[in-house]
Amino acid sequence: LDVLHCHPLGITADVALRVRPSLGVPVVATTSGSDVMWILETGDAASIPNYVKEIVVRCASAVDLIGSVSSSTRAALGRMNAKAPIVDIPNGVAIEAFQCDRSRPLRSQLGLTDDACLILSVGRNIPTKGYREGIAAFGRVFKASPASHYAIVGRDVSLLGDAVNQQGLTGRVHLIEQKPMSEIPAIFQSADVFFNPSTREGFAQVNAQALATGLPLVVTD
């Protein structure tokens with residue numbers, strides 16, 4: 001090896017640093033955003049064990065270089081007094097993969113016809129993704145456009161069932177657990193609009209994926 005790259009900046013980086021002396025090569029770490037964003041009190045910090053936070057802080061000064069996905073991630077690294085040099089490397093998208101033929105697998109799964117307007121969100125269910133606010137916002141859309149549907153695809157989104165029921169949107173909001181990455185481009189192609197209700201983001205890769213698909217975006221500021 002010439003370089004040892006680790007991702008994210010946490011336990012993986014800690015392991016890389018332990019083997020660095022025997023390999024004699026630099027360790028480069030790329031943040032995932034969420035590994036350091038707890039510094040900014042993003043709402044899901046309670047789910048991160050303290051020992052992991054300690055590892056992240058230690059590695060942020062011990063690795064040879066850090067790749068930061070956004071200005072907010074760089075700011076978080078600054079707040080933890082990271083000593084390693086930081087290089088801005090925004091998340092990328094394999095554009096060609098998202099420009100696949102127009103397909104409708106998600107519509108087929110949900111039994112929707114082409115005249116239904118399908119709004120899509122993609123991403124794991126954590127408080128900062130704002131899905132509960134997104135479901136409430138869709139309730140207003142549905143009143144104005146009864147042919148609309150809202151699908152949320154991602155890890156743990158099934159836990160949002162109570163919010164769907166509270167809004168009286170059963171059968172209109174569809175909660176679909178995480179799909180393999182190989183299926184995601186076709187899922188984007190199934191939609192008419194991409195909606196990202198996040199309250200905070202480092203770099204929303206799903207926004208770039210939606211743009212690569214050619215979808216119109218509705219996002220928070």
- Query: Where the side chain of Arg20 meets the backbone of Pro26, is there a donor-acceptor pair that is under 3.5 Å apart?
  - Reply: no

- Message: Could you tell me if the side chain of Val87 sits less than 4.5 Å from the side chain of Arg74, heavy atoms only?
- Response: no

- Item | Contact check, side chains of Val63 and Val28, non-hydrogen atoms, under 4.5 Å | no

- Query: With distance as the sole criterion, is a donor-acceptor pair present between the side chains of Ser61 and Asn81 under 3.5 Å?
  - Reply: no

- Task: Is it possible for you to say whether Leu110 and Phe188 belong to one hydrophobic cluster, with membership spreading through side-chain heavy-atom contacts below 4.5 Å?
- Result: yes

- Message: For a 4.5 angstrom cut-off between non-hydrogen side-chain atoms, does Ile152 reach Asn125?
- Response: no

- Item | Nearest-0.5 Å distance that lies between atom CG in Asp114 and atom CZ in Arg104 | 5.0 Å

- Locate the shortest heavy-atom distance separating Val19 from Leu4; write the atom from each residue and the value. CG2-CD2, 3.7 Å

- Task: Would you kindly confirm whether Ile187 and Ile119 end up in one hydrophobic cluster when ILVMFWY residues are joined by side chain heavy atoms under 4.5 Å apart?
- Result: no

- Message: Hydrophobic clustering (ILVMFWY, side-chain heavy atoms < 4.5 Å, transitive) - are Ile126 and Val173 grouped together?
- Response: no

- Item | Distance-minimising heavy-atom pair for Ser148 and Ser145 | OG-O, 2.6 Å

- To the nearest 0.5 angstrom, please state how far the CZ atom of Arg132 sits from the CG atom of Leu160. 5.5 Å

- Message: Taking the side chain as everything from C-beta on, heavy atoms only, tell me whether Ser68 gets closer than 4.5 Å to Ile86.
- Response: yes

- Item | side-chain contact (heavy atoms from CB on, under 4.5 Å) assessment of Val193 paired with Leu215 | CA-CA 6 Å; Val193 177; Leu215 287 178; over 6 Å; no

- Query: So, does Arg124 use its side chain to make a donor-acceptor pair with the main chain of Gly154 at under 3.5 Å?
  - Reply: no

- Are the side chain of Asn196 and the backbone of Val219 linked by a donor-acceptor contact shorter than 3.5 Å? no

- Counting N and O atoms only, with roles assigned by atom type, does the side chain of Gln209 sit under 3.5 Å from a partner on the main chain of Val93, one being a donor and the other an acceptor? no

- Message: Nearest 0.5 angstrom please: Ser71 OG to Asp88 CG, how far?
- Response: 8.0 Å

- Message: Check whether His149 reaches the backbone of Leu118 with its side chain - one donor and one acceptor, N or O, closer than 3.5 Å.
- Response: no

- When clusters are formed from ILVMFWY side-chain contacts under 4.5 Å, directly or step by step, what else is grouped with Ile95? none

- Does the pair Phe194 and Val122 meet the rule for a side-chain contact (heavy atoms from CB on, under 4.5 Å), with working shown? CA-CA 9 Å; Phe194 186 77; Val122 177; 4.1 Å; yes

- Message: Grouping I, L, V, M, F, W and Y whenever their side-chain heavy atoms are under 4.5 Å apart, do Leu17 and Ile66 come out in a common cluster?
- Response: yes

- Flag the pair Gln178 / Val153 as yes when at least one side-chain heavy-atom distance between them is below 4.5 Å, and no otherwise. no

- Go through Asp14 and Arg58 one step at a time and tell me if the salt bridge (charged side-chain N to carboxylate O under 4.0 Å, His left out) criterion holds. CA-CA 9 Å; Asp14 188 49; Arg58 183 171 71 251; 3.0 Å; yes

- Message: Once rounded to the nearest 0.5 Å, what's the spacing between atom OG of Ser198 and atom CD of Glu133?
- Response: 10.0 Å

- Task: Find the distance between OH (Tyr131) and CG (Leu159) and round it off to the nearest 0.5 Å.
- Result: 12.5 Å

- Query: According to a 4.5 Å side-chain heavy-atom criterion applied to Ile, Leu, Val, Met, Phe, Trp and Tyr, with indirect links allowed, do Met181 and Val157 form part of one hydrophobic cluster?
  - Reply: no

- Message: Quick check: do Leu120 and Leu106 have side-chain heavy atoms less than 4.5 Å from each other?
- Response: yes

- Starting from the C-alpha separation in whole Å, work towards a yes-or-no answer on salt bridge (charged side-chain N to carboxylate O under 4.0 Å, His left out) for Asp156 and Lys129. CA-CA 12 Å; Asp156 295 333; Lys129 292 298 182 183; over 6 Å; no

- Message: Restricting to side-chain contact (heavy atoms from CB on, under 4.5 Å), what partner residues turn up for Ala137, sequence neighbours left out?
- Response: Phe195

- Task: For residues Arg172 and Tyr150, determine if any side-chain heavy atom of one lies less than 4.5 Å from a side-chain heavy atom of the other.
- Result: no

- Query: With sequence neighbours excluded, what pairs up with Thr12 under the side chain to side chain donor-acceptor pair (under 3.5 Å) test?
  - Reply: none

- Task: Identify the heavy atoms of Thr73 and Thr31 that sit nearest to each other, and give their distance.
- Result: CG2-OG1, 3.3 Å

- Query: Looking only at heavy atoms, which two atoms of Val56 and Met80 are closest? And how far apart?
  - Reply: CG1-CE, 4.0 Å

- Query: Is there a side-chain contact between Ile89 and Val69, using heavy atoms and a 4.5 Å cut-off?
  - Reply: no

- Note on the structure: Heavy-atom closest pair (Lys179 atom, Gln109 atom, distance to 0.1 Å) is NZ-OE1, 3.6 Å

- Message: Distance check, rounded to the nearest 0.5 Å: Leu169 atom CG versus Lys143 atom NZ?
- Response: 9.0 Å

- Query: Considering all heavy atoms of both residues, which atom of Cys59 and which atom of Leu9 are nearest to each other, and what is their separation?
  - Reply: CB-CD1, 4.0 Å

